[in-house]
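Structure first, then comments.
Just follow the structure's listing: the first ligand is 1, and inside any ligand the first atom is 1. We use all heavy atoms of the structure for the numbers below, so side chains are in, but hydrogens, waters and symmetry mates are not.
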Amino acid sequence: MSDCIFCKIVAGEIPSARVYEDDEVLAFHDIHPFARVHVLIIPKAHVASLADCAPDHQALLGRMLLLAPRLAKEQGLDAGFKTLVNTGRGGGQEVFHLHIHVFGGGDPVRRT
Ligand code: AMP
Ligand code: ZN
């Protein structure tokens, strides 16, 4: 999607602080972190939200979720971390390209 900010990050048209990449998935630091560590895990292919996923996204979703503890550990969140998937406007989603927030550490978070 040409007007999608996360598709532009995947394409390298917008810079990001990448922490992980494979053929299907990208992870990078959130630009407005609400914890000491706050990364976003996204599919490289555009999917608007969790509500737009279909059964053929099952493996992709599993890959994304399994990446969360690995990245949290790499980022030093040894005591644990939070995951968050905002879905739809009523769910607080602002960027309509599926993403998993992985965050923790530091001061208490401002939203969960
Ligand atoms: P959500 O409200 O779940 O849609 O979250 C969108 C997240 O994307 C917010 O936490 C933003 O801070 C983050 N975000 C928006 N633009 C960028 C960007 N260019 N690089 C990194 N994170 C971004
Ligand atoms: Zn997109």
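Within ligand 1, counting atoms from 1 as listed, the ones closer than 4.0 Å to a heavy atom of H32 are 12 (O). The G92 neighbourhood of ligand 1 comprises atoms 2 (O), with distances under 4.0 Å to a heavy atom of that residue. Set against the non-hydrogen atoms of N86, the atoms of ligand 1 under 4.0 Å away are 1 (P), 2 (O), 3 (O). The contact set between ligand 1 and D30, taken as ligand atoms under 4.0 Å from a residue heavy atom, comprises 7 (C), 8 (O), 9 (C), 10 (O), 11 (C), 12 (O), 13 (C), 22 (N). Near E94, meaning under 4.0 Å from any of its heavy atoms, are these atoms of ligand 1: 1 (P), 2 (O), 4 (O).
For the atom pair CG of L71 and CG of L77, the computed distance is 10.0 Å after rounding to the nearest 0.5 Å. The structure places CD1 of I31 at 10.5 Å from CG of L40, a figure rounded to the nearest 0.5 Å.
Between Q93 and ligand 1, no N or O atom pair is found at a separation short of 3.5 Å. Note: no N/O pair closer than 3.5 Å links I5 and ligand 1 by distance alone. For ligand 1, the polar-atom distance check against H101 finds a nitrogen or oxygen pair separated by under 3.5 Å.
For the ligand labelled ligand 1, residue I9 lies inside the 4.0 Å heavy-atom shell. Every heavy atom of F96 sits 4.0 Å or more from the atoms of ligand 1.
At a heavy-atom distance under 4.0 Å, no atom of V85 approaches ligand 1. Here F103 has no heavy atoms under 4.0 Å from ligand 1, in either its backbone or its side chain. Contact annotation for H29 and ligand 1: only backbone heavy atoms (N, CA, C, O) come within less than 4.0 Å of the ligand.
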Note to self: V39 vs Y20, test: side chain to side chain contact (heavy atoms under 4.5 Å, CB included). Steps then yes/no.
What the structure shows: CA-CA 10 Å; V39 299; Y20 176 86; over 6 Å; no
Margin query: Using side chain to side chain contact (heavy atoms under 4.5 Å, CB included), reason through N86 and V95 one step at a time and then give a plain yes or no.
Written below: CA-CA 9 Å; N86 293 325; V95 176; over 6 Å; no
Notebook entry, point to check: Given K44 and D23, is the side chain to side chain contact (heavy atoms under 4.5 Å, CB included) satisfied, shown in steps?
Noted result: CA-CA 8 Å; K44 285 189 168 177; D23 54 333; 5.8 Å; no
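Restricting H46 to its N, O or S atoms, the one at the least distance from the Zn ion (ligand 2) is ND1. The N, O or S atom of H97 with the smallest distance to the Zn ion (ligand 2) is ND1.
A distance-only check finds no donor-acceptor pair linking the side chain of Q75 to the backbone of G104 [under 3.5 Å].
Evaluated for a side chain to side chain contact (heavy atoms under 4.5 Å, CB included) with P43, the options R63, H57, M64 yield exactly one hit, M64.
The SG atom of C7 and the SG atom of C4 meet at the Zn ion (ligand 2) at an angle of about 120°, given to 10°.
Taking the side chain as every heavy atom from C-beta outward, V25 and I41 approach each other to under 4.5 Å.
The aromatic rings of H101 and H99 sit perpendicular, their planes meeting at an angle over 60°, well past the 30° parallel limit. Taking the six-membered ring where tryptophan is involved, the planes of H38 and F103 are tilted, since the angle between them lies from 30° to 60°.
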